[in-house]
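To keep things clear, I will list the structure first and then write my remarks on it.
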2 protein chains.
Amino acid sequence: MKDLPPLACCSPLAREPLDDQRSAELSRVFKALGDPVRLRILSIVAAHENGEACVCDLTAAFTLSQPTISHHLKVLKEVGLLTSERRASWVYYRLVPQTLIDLSGLLAAPEQVNR
Amino acid sequence: MKDLPPLACCSPLAREPLDDQRSAELSRVFKALGDPVRLRILSIVAAHENGEACVCDLTAAFTLSQPTISHHLKVLKEVGLLTSERRASWVYYRLVPQTLIDLSGLLAAPEQVNR
DNA sequence: CATTGATATCGATTGATCTCGATAAGGACG
DNA sequence: CGTCCTTATCGAGATCAATCGATATCAATG
């Protein structure tokens, strides 16, 4: 039995070679993910009741100051990973699923991700 | 007809709430992706003949200095996104598909990524 | 409308990162 | 073995990012 030919293309990254502008856009989103605090914030928001968490939930989960959490939330919002909604005194954050799906699809094709 | 209940969980991020250590590991990989030059390097390597490219292919694709490209390659290699192999005078880099697949699977479940 | 509680913004500081030129190290080749 | 070519490492300069305390904004409430 012969070996299968190597895949011509192992990642969607290769199908659309990134030009300068696209790589700049994408890198902003990955850079936002490139901080442990921000990753945990996303994880907490995603796992929280109703898929949303207020700032107070988040400050409670870290030993960081409230302005620092607020800063990280702003970064995540600016790149389209989170949205926010004010309800009374509280601001609730939730994931933007499509952004995560887009990134996921860029890194690997769905058929590669079998679990 | 009633609304469907909201998904309990829209991203694998939520299934395994990230602890301190895991978020630190993961953020290192995302941080490596968080630079436009490095994203383009990955893209060029992936799209290159046989899925590999030597450093000279990469320096030719940028206006950056050779030490700068070498630095970015080191960063990508340290987090497991690239491997390298020396053949004669040249060093060839290629993607590590599993790392991309793992990240992809963390951001979105395969069934979310329909294309 | 003054007060209180929740969140955002500002300015400063400290530490990390990108980039480069200079140089070292690894290999081919005459 | 000296030279040349390719790649990696080093050290420095400049820019960027994380964090904090102080303070502003916004909404509820008495």
Side-chain angles (χ1 to χ4, degrees), chain A residues 18 20 23-45 48-50 52-79 81-94, chain B residues 18 20 23-42 44-45 48-50 52-94:
Chain A
L18 302 175
D20 250 341
S23 59
E25 293 166 6
L26 282 170
S27 67
R28 288 181 59 242
V29 187
F30 283 121
K31 187 177 289 184
L33 294 171
D35 180 283
V37 174
R38 289 195 288 265
L39 273 187
R40 285 193 59 208
I41 287 177
L42 288 182
S43 162
I44 292 170
V45 168
H48 210 262
E49 194 180 6
N50 296 322
E52 65 180 14
C54 72
V55 181
C56 58
D57 295 323
L58 295 165
T59 51
F62 295 89
T63 54
L64 298 168
S65 71
Q66 177 269 322
T68 297
I69 300 297
S70 197
H71 161 70
H72 286 305
L73 289 168
K74 186 180 182 180
V75 171
L76 290 168
K77 193 174 162 182
E78 280 173 347
V79 300
L81 283 165
L82 289 180
T83 51
S84 68
E85 180 194 356
R86 173 152 230 151
R87 295 207 295 276
S89 286
W90 294 270
V91 177
Y92 293 88
Y93 284 83
R94 42 175 70 244
Chain B
L18 303 174
D20 250 341
S23 59
E25 293 166 8
L26 282 170
S27 67
R28 288 181 60 242
V29 187
F30 283 122
K31 187 179 290 184
L33 293 171
D35 180 282
V37 174
R38 289 196 286 267
L39 273 187
R40 284 193 59 207
I41 287 177
L42 288 182
I44 291 170
V45 168
H48 211 263
E49 193 180 7
N50 297 321
E52 65 180 14
C54 72
V55 181
C56 57
D57 294 325
L58 296 164
T59 51
F62 295 89
T63 54
L64 297 168
S65 72
Q66 178 269 320
T68 297
I69 300 297
S70 197
H71 161 70
H72 286 306
L73 288 169
K74 185 180 183 179
V75 171
L76 290 167
K77 194 174 160 182
E78 281 174 347
V79 300
L81 284 165
L82 289 180
T83 52
S84 67
E85 181 193 355
R86 171 151 232 152
R87 294 205 296 276
S89 286
W90 292 268
V91 177
Y92 293 87
Y93 283 83
R94 46 174 68 244

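Per chain, numbering begins at 1; letters A, B, ... match sequence-line order.
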Of the candidate nucleotides [options], which contains the atom at the shortest distance from the side chain of [X]?
X       : options                : value
A/Ser70 : C/dG26, C/dC20, C/dA8  : C/dA8
B/Pro67 : C/dA22, C/dT7, C/dT9   : C/dA22
A/Ser65 : C/dC18, D/dA18, D/dC20 : D/dC20

For [X] and [N], what is the distance between atoms [atom1] and [atom2] respectively, to the nearest whole Å?
X       : N      : atom1 : atom2 : answer
A/Lys31 : D/dA17 : NZ    : C1'   : 9 Å
A/Glu85 : C/dA8  : CD    : P     : 13 Å
B/Leu58 : D/dA8  : CG    : C1'   : 14 Å
B/Trp90 : C/dG26 : CH2   : P     : 18 Å
B/Ile69 : D/dT6  : CD1   : P     : 16 Å
A/Leu64 : D/dT19 : CG    : C1'   : 8 Å
A/Leu73 : D/dT19 : CG    : P     : 12 Å
A/Glu78 : D/dA17 : CD    : P     : 11 Å

field: For B/Leu81 against B/Leu33, the heavy-atom pair lying closest together
entry: CD1-CD2, 3.7 Å
A/Ile44 to A/Phe62 - nearest heavy-atom pair and separation: CD1-CE1, 4.0 Å
query: Which residue, A/Arg86 or B/Asp57, contacts DNA chain D at a nucleotide closer to its 5' end, judged by nearest heavy atom?
result: B/Asp57
Below the 4.0 Å mark, does [N] have OP1 or OP2 next to a side-chain nitrogen or oxygen of [X]?
X       : N      : result
B/Ser89 : C/dG27 : no
B/Thr68 : C/dC18 : no
B/His71 : C/dC18 : yes

- prompt: How many angstroms lie between OH in A/Tyr92 and CD in A/Glu85, if you round to the nearest 0.5 Å?
  reply: 9.5 Å
Within the 4.0 Å heavy-atom criterion, would you say [X] contacts the bases, only the backbone, or no part of the nucleic acid?
X       : answer
A/Tyr93 : sugar-phosphate
B/His72 : sugar-phosphate
A/Arg38 : sugar-phosphate

field: Quiz item: B/Gln66 side-chain donor-acceptor pair to D/dA8 base, under 3.5 Å
entry: yes
query: Any luck finding a side-chain donor-acceptor pair between A/Lys77 and A/Thr83 under 3.5 Å?
result: no
- prompt: If you count the non-hydrogen atoms of other residues, nucleotides and ligands that lie under 6.0 Å from CZ in B/Arg94, is the total more than 12?
  reply: yes
